Amino acid sequence: MSPAPKAKIDFRCLNEKCSGVVEFDLHAVADADFKVECPVCRREFNIDPALKDKLSRMLDLVGALRNAEDVLGDSAVSVNVAGGEVRVPYALLLTRLNTLITLTLEGKPTDFHLWVEPSSPETFR
């Protein structure tokens, strides 16, 4: 069994006068005393149970992708273009494109950026 993937998530502080980026380890969401605070203005954010559940399931999804890495390494996304198609390796999509999820935080749609460490140098074989 491979080690748990390193996964961080961040979002821009909801305080309009603040330029902070709130970042936390996705594994920390399961902690009973989990709290999220802006490092600049120190505003604390309420992560309600529904949002905690979605973040926990996002971590499960990251783990499932890690578990399927050997299958995804043989997979590609095909994009139809004039004159044919372009195949983009799935591993390239997972490691080079920004992963965003829009969730509701304190009643506002908020973009969360997901950062996952590739599991191995063989990701780009």
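Worth saying up front: this structure is predicted, and the values here are computed from it rather than measured. Residues: numbered from 1 along the sequence shown.
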Asker: Does the side-chain contact (heavy atoms from CB on, under 4.5 Å) test come out yes or no for L105 and N46, once each step is laid out?
Answerer: CA-CA 8 Å; L105 176 62; N46 178 30; over 6 Å; no

Asker: Identify whether L65 and V77 are in the same connected component of the hydrophobic contact network (ILVMFWY, side-chain heavy atoms under 4.5 Å).
Answerer: yes

Asker: Just verifying a value: how many Å separate D60 CG and N67 CG, rounded to the nearest 0.5 Å?
Answerer: 12.0 Å

Asker: Please give me the minimum heavy-atom distance between G20 and C18, naming the atom from each residue.
Answerer: N-SG, 3.2 Å

Asker: Quick one: does D48's side chain have a donor or acceptor within less than 3.5 Å of a partner on L51's backbone?
Answerer: yes

Asker: How long is the gap from OG1 on T110 to CD1 on I101, to the nearest 0.5 Å?
Answerer: 11.5 Å

Asker: Is it true that F24 and V21 fall in one hydrophobic cluster, defined by side-chain heavy atoms closer than 4.5 Å?
Answerer: no

Asker: Can you find a pair of side-chain heavy atoms, one from V62 and one from L114, that are under 4.5 Å apart?
Answerer: yes

Asker: Which pairs, with at least one residue in residues 37-84 and sequence neighbours excluded, count as a ring pair (Phe, Tyr, Trp, His ring centres under 6.0 Å)?
Answerer: F11-F45

Asker: Counting only N and O atoms by type, is there a donor-acceptor contact under 3.5 Å from the side chain of S56 to the main-chain atoms of K54?
Answerer: no

Asker: Are side-chain heavy atoms of H113 and T99 found at a separation under 4.5 Å?
Answerer: no

Asker: In this structure, would V40 and V22 fall into the same cluster of hydrophobic residues linked by side-chain contacts under 4.5 Å?
Answerer: no

Asker: Determine whether V79 and Y90 fall in the same hydrophobic cluster, where Ile, Leu, Val, Met, Phe, Trp and Tyr are linked whenever their side-chain heavy atoms lie under 4.5 Å apart.
Answerer: yes

Asker: Counting C-beta onward and ignoring hydrogens, is there a side-chain heavy-atom pair between E37 and R43 closer than 4.5 Å?
Answerer: no

Asker: Got F112 and T102 here, is their nearest side-chain heavy-atom distance under 4.5 Å?
Answerer: no

Asker: Holding to side chain to side chain donor-acceptor pair (under 3.5 Å), I want the full list of residues that pass it with E16, two or more places apart in sequence or in another chain.
Answerer: none

Asker: Using side-chain heavy atoms (C-beta onward) and a distance below 4.5 Å, is S19 in contact with C13?
Answerer: no

Asker: Could you check whether R87 pairs with E85 (Lys NZ or Arg NE/NH1/NH2 to Asp/Glu carboxylate O, under 4.0 Å)?
Answerer: yes

Asker: Examine L100 and I9 and state if one hydrophobic cluster contains both, with Ile, Leu, Val, Met, Phe, Trp and Tyr joined whenever side-chain heavy atoms are less than 4.5 Å apart.
Answerer: no

Asker: Going by an N to O cut-off under 4.0 Å, is there a salt bridge joining D53 and R57?
Answerer: yes

Asker: What closest approach, in Å, do I47 and K52 show between heavy atoms, and which atom pair accounts for it?
Answerer: CG2-CG, 3.8 Å

Asker: Any idea which heavy atoms bring E106 and E44 closest together, and the distance?
Answerer: OE2-O, 4.0 Å

